[in-house]
Amino acid sequence: MSNFDKNALPEWTTQAKRLLDDSANGLDAATLSRLNRARQAALTTRARRPAQFWFLPAGLASACALLLALAVWQPHHAGGDVSSPSAAAVAADVDDGSADTPEFYQDLEFYAWLDAQNAQRKEGEG
Amino acid sequence: MTLSAGTIPAPIPTDSAERVDAVSTNQRALDEFLRGVERRALRMAELGCGNRDDALDLVQDAMCGFVRNYAAKPAAEWAPLFYRVLDSRLNDLHRRRNVRNRWLAVFDRHESEDGDYVDPLSQTPDLQEPGPLLRLAGSEAGKALDAALQNLPGRQRQAFLLRLWEGFDVATTAKVMQCSEGSVKTHLSRALAALRRALEDHQ
């Protein structure tokens, strides 16, 4: 670290450095004790750190899961639009037996949209 | 579950044992590092704030901040990072003092209106007054150097202490001071000139 050219510095800086070293080495016992306590306190902070380290990612993961749940739940409960009848209404209209299959429920959104399109076309023709 | 005297506890998995070893090694290295820099850090902080108690608080804050944020960095980078944290804490202290002094100035003005004038200069610390350490040492040169360093502008003092005392090269000093290498050279040159003037009588 001390790779600078010491010859470029004035001679008195060597004495200054020595004086500073002496002042650091001659600290009184009370000060050294406080420094020791400060160091121990800092190292204790380090020991406690791993538990706190996971708070942020855990919080982020929880928030993401909540947002995902809301995003999945929201479209199925956004009723009230006249042009797009609810999926439940579409399921009630279809009584040919295909409503019992899982494929039907997976495509429920599509059938709702199809129904809305048909309704609009009929209004246009009438 | 209670263990009888002869019961051998289950062996710790190798990964866990290695991790524990690595953590304890890192703790030891950190302890040694902090032990190595704490005295110089205290003196630097003391020269920067002019008060031993404030300097001790600053060093403790810097140690905690350093360990919290940079302990995982390679050990070779610790010294500049530690001094950067210390410098940051010192700047925070100066900012707080400035705000407090502004408020105190308002109250002083009110007091002076009541006829009880308090000279602001009498409230400032006497920079020529040596610290307890130097008083005990009884060194005129030490006192003069202490006073001259306290009188230096903060950036010049920092450049001088980091380059000359801590022994950082220009690039590392620039990293700690968060300025260009040219600025470090300028600050150091001005610091040397100012210190030379102040210490001429003691050479």
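As the structure is a prediction and not an experimental result, all values here were calculated from the model. Chain letters run A, B, ... following the sequence lines, proteins first and then strands; every chain starts at 1.
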Top contributor to chain A interface from L56(B), L34(B), L192(B) [non-hydrogen pairs under 4.5 Å]: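 Option with the top pair count is L56(B).
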Flag the one option from L161(B), V59(B), L42(B), L188(B) with the top tally of heavy-atom pairs under 4.5 Å to chain A.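 Most heavy-atom pairs under 4.5 Å with chain A: L42(B).
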Residue selection (most heavy-atom pairs with chain B, distance under 4.5 Å) from R34(A), R37(A), R18(A):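 Winner by heavy-atom pair count: R34(A).
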Side chain / backbone / both / neither for Q40(A) at chain B, heavy atoms under 4.5 Å: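 Answer is side chain: those atoms of Q40(A) sit under 4.5 Å from chain B.
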Heavy-atom distances under 4.5 Å only: say whether T31(A) touches chain B with side chain, backbone, both or neither.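 T31(A) touches chain B through backbone and side-chain heavy atoms alike.
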Using distance only, find each side-chain donor-acceptor pair of residues 152-159 of chain B under 3.5 Å and give its atom names and separation, not counting sequence neighbours.
unit_1: R155(B); atom_1: NH1; unit_2: M177(B); atom_2: O; d: 3.2
unit_1: R155(B); atom_1: NH2; unit_2: M177(B); atom_2: O; d: 2.9
unit_1: R157(B); atom_1: NH1; unit_2: L149(B); atom_2: O; d: 3.2
unit_1: R157(B); atom_1: NH1; unit_2: L152(B); atom_2: O; d: 3.1
unit_1: Q158(B); atom_1: NE2; unit_2: D87(B); atom_2: OD1; d: 3.0
unit_1: Q158(B); atom_1: NE2; unit_2: D87(B); atom_2: OD2; d: 3.2

Any idea which heavy atoms bring M63(B) and L35(A) closest together, and the distance?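 Nearest pair, atom of M63(B) first, then L35(A): CE-O, 4.5 Å.
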Restricting to non-hydrogen atoms, name the atom on Q27(B) and the atom on L43(A) that form the minimum distance, rounded to 0.1 Å.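 It is NE2-O, 3.5 Å.
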With only heavy atoms counted, which part of F66(B) is less than 4.5 Å from chain A, the side chain, the backbone, both or neither?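 F66(B) has no heavy atom closer than 4.5 Å to chain A.
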Atom group of L145(B) that falls short of 4.5 Å from chain A, counting heavy atoms: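 Only the side chain of L145(B) comes within 4.5 Å of chain A.
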Roughly how far, to the nearest 0.5 Å, is CG of L19(A) from NZ of K143(B)?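 Output value for this atom pair is 12.5 Å.
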To the nearest 0.5 Å, what is the distance between CZ on R43(B) and CG on L20(A)?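 Answer rounded to 0.5 Å: 6.5 Å.
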Check whether any side-chain heavy atom of E38(B) lies under 4.5 Å from a side-chain heavy atom of L27(A), and answer yes or no.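 The answer is no, as the side chains (C-beta and beyond) never meet within the 4.5 Å cut-off.
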Do R163(B) and T13(A) touch side chain to side chain, with heavy atoms closer than 4.5 Å?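 Not in contact.
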If you count every heavy atom of other residues, nucleotides or ligands that lies below 6.0 Å from R40(B) atom CZ, does the total exceed 12?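 Enclosed: over 12 neighbouring heavy atoms sit under 6.0 Å from CZ of R40(B).
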Does the pair L30(B) and R39(A) meet the rule for a side-chain contact (heavy atoms from CB on, under 4.5 Å), with working shown? CA-CA 9 Å; L30(B) 269 175; R39(A) 190 175 66 250; over 6 Å; no
